[in-house]
Amino acid sequence: MKSSHLAVSSRLSSRVTVPVVALALAGLAMTGCAPSTSDNSSKEDEKSGKLRVWLFQEVNNAPKKKVIDEAVAGFEKEHDGTDVEVTYIPVDTRAQKIKAAFNDPKSAPDVIEFGNTDTAGYVKDGGLMDISKEIGAWGDSTNIDPTAKYSLTIGGKVYGAPLFVGVRALYYRTDVFKELDLEPPATQDELIATAKKIRSERPDLYGLAVGGAYTYGAMPFIWANGGDLADEKGKFGSNEYEAAIDSADAQKGVKAYTSLFGNDNCPAAKCAQWGGNDTVEAFASGKAAMAIGGDFSRQAIEAGKVKGKYKVVPLPGVKKGDIAPAFAGGNNLGVLKSTSHRTIAVDLLKTLAGKKTQRELYDAMGFLPTFTDVRGDVAHKDAFVKPFVKTLNDSAKFVPASPGWAAIDAQLVLPTMFQEIVSGRKSVPAATQDAAKKMDEAFEQ
């Protein structure tokens, strides 16, 4: 589960999403809402003792554990009298477990890993500590990806450090493209036309695997057409939003994406229910000629029938030479307000989210680093990573940094909108307007 961090152009400074001006499965959204916590801030700052860390349990956790164990051993050696206990928690139940910890300081960890779309909700719940001062004084922070930093910035305050980032690009079958004498599409129109041409000439294949429940695969179409999910109200950094999914430009993007659902590409009866994993599986199993997948999809695709028969390019934008903006997912680390070890907890966070650890996590797990210089080194050594890094450099964006986004995601507002359109139940204007109303209700709550 890969989830997200500020340089923005003045033209877009009021928008919810942030283009990366330097270099930033998908974001993780909270699945439930717990009661707001009381203020459990600790006034103590013990400089030694036991530190508890909660990290996410990966499908294959051994490589991650090895990297973390080595980082912890080095930290303990440098901090006499400090003992670090690391617990790996299931991703699926993280929301309930972490929120329970916010309400029970005695059993709570000092440092936690969380999805970057969870930040705003956890701040609202009063669980995360503002560590703006420490991050600002951290020399390495100047190299942190701007979009990754944005995902941690609520009301102008920074609530952690990014651990890794994930982004999507276009996977395509080299054997199919060679057979049909096709070139990788250079514009969005070419992408759609190429998908339909493949389906026409190879009816056994989906041209481009798409999913009605694949929100993060649809977002690039909305952003590439100049649309957005929501606009930030008031001055930039206020973290208050109003839906923009029903704007004219957003509707262009929605129309472009939903035009790919049909017998001429990916039949709605099959593809309307698909999420991101389904589209990647369709590609990996040889049933699709193209798919929008993440850098984190590599292992699944390599294990499939198309191994050695695919390449990756950035998803094209509307104009030739443009890259469609993609969601910068990833995970962050934060310090709980209830810790009685603020100074050493932040030191541990900087060790676990530091350049050395991030580089080793890439080698072990394939997690893309959030430091632009480290990521550049990785791309230089591994050609597969280059399209993803280029996308991050040129056009990565983020979802609304609002607690309301978790509700929007959990209530399947956008998948419902796409499915209503591709089923023919609603027009693009009607469906986007209804979705905008639901989004605004979530933002207001």
Side-chain angles (χ1 to χ4, degrees), residues 12 14-18 25-33 115 117-118 120-121 168 188 192 210-233 238-262 266 268-269 271-276 278-279 292 318 324-329 397-445:
L12 292 177
S14 65
R15 307 294 284 180
V16 55
T17 48
V18 181
L25 137 219
L28 300 169
M30 290 181 293
T31 56
C33 295
T117 59
D118 290 344
R168 292 165 179 81
Q188 189 176 94
I192 295 170
V210 289
Y214 191 9
T215 303
Y216 294 110
M219 285 178 182
F221 291 80
I222 295 168
W223 288 327
N225 282 276
D228 218 329
L229 305 176
D231 289 332
E232 194 162 3
K233 298 194 293 186
S238 68
N239 300 104
E240 295 182 4
Y241 302 89
E242 58 187 0
I245 193 67
D246 57 341
S247 70
D249 287 337
Q251 288 180 2
K252 287 180 190 174
V254 171
K255 186 176 181 179
Y257 185 68
T258 54
S259 74
L260 289 160
F261 292 81
C266 203
C271 306
Q273 303 303 317
W274 280 0
D278 298 302
T279 65
I292 300 167
V318 172
F327 168 70
K397 294 203 175 198
F398 196 61
V399 297
S402 162
W405 176 254
I408 292 165
D409 205 30
Q411 293 166 15
L412 305 177
V413 172
L414 296 181
T416 298
M417 176 190 76
F418 292 126
Q419 290 163 351
E420 288 172 339
I421 294 167
V422 302
S423 69
R425 295 199 303 273
K426 290 183 182 178
S427 65
V428 169
T432 56
Q433 287 165 12
D434 287 348
K437 290 177 184 176
K438 293 175 184 174
M439 291 175 71
D440 283 336
E441 289 173 3
F443 289 139
E444 289 170 8
Q445 290 175 0

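One is the number of the first residue; the rest follow in order along the sequence.
- Within the model, atoms CG of Leu414 and CD1 of Ile408 stand 7.5 Å from one another, a figure rounded to the nearest 0.5 Å.
- We find the CZ-CH2 distance between Phe398 and Trp405 to be 9.5 Å, quoted to the nearest 0.5 Å.
- More than 12 heavy-atom neighbours from other residues, nucleotides or ligands sit within 6.0 angstrom of NZ on Lys426.
- In this structure, the side chains of Gln411 and Thr416 stay at 4.5 Å or more apart for every pair of heavy atoms.
- The nearest pair of heavy atoms linking Ala213 to Pro415 is CA-CB, 3.8 Å.
- Classification of the Phe443-Tyr241 ring pair by plane angle, with boundaries at 30° and 60°, yields tilted.
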Exercise. How far apart are the C-alpha atoms of Ile222 and Ile245, what are their side-chain angles, what is the distance that settles it, and do they pass the side-chain contact (heavy atoms from CB on, under 4.5 Å) test?
Worked result: CA-CA 8 Å; Ile222 295 168; Ile245 193 67; 3.7 Å; yes
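- Ala407 approaches Ala442 most closely through the heavy-atom pair CB-CB, 4.2 Å.
- Annotation: side chain of Phe221 is in contact with side chain of Ile292 (closest heavy-atom distance under 4.5 Å).
- When all heavy atoms of Met439 and Val413 are compared, the pair lying nearest together is CG-CG1, 4.1 Å.
- In plain terms, the two heavy atoms of Ala250 and Ala244 that are nearest each other are CB-O, 3.5 Å.
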For this session: Report the C-alpha separation of Phe327 and Trp223 in whole Å, then their side-chain angles, then the decisive distance to 0.1 Å, and conclude whether the side-chain contact (heavy atoms from CB on, under 4.5 Å) test is met.
Result: CA-CA 10 Å; Phe327 168 70; Trp223 288 327; 4.1 Å; yes
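- Closest heavy-atom contact between Ala326 and Arg168: CB-O, 3.8 Å.
- With rounding to the nearest 0.5 Å, the separation of OG in Ser259 from CD in Gln188 is 8.0 Å.
- A donor-acceptor pair under 3.5 Å is absent between the side-chain atoms of Asp409 and the main chain of Ala406, judged by distance alone.
- Using a 4.5 Å heavy-atom cutoff, the side chains of Phe261 and Trp274 are not in contact.
- A distance of 10.0 Å separates CG in Leu412 from NZ in Lys438, rounded to the nearest 0.5 Å.
- Expressed to the nearest 0.5 Å, how far CG of Asp249 lies from CG of Asp228 amounts to 10.0 Å.
- For the atom pair Gln445 CD and Ser402 OG, the distance stands at 10.5 Å (nearest 0.5 Å).
- Heavy atoms only, all atoms of each residue included: Leu229 and Pro400 are closest at CD1-CD, 4.1 Å.
- Of the candidates Asn225, Asp246, Thr432, Thr432 is the only one forming a side chain to side chain donor-acceptor pair (under 3.5 Å) with Gln251.
- Considering only heavy atoms from C-beta on, Val254 comes within 4.5 Å of Met417 through its side chain.
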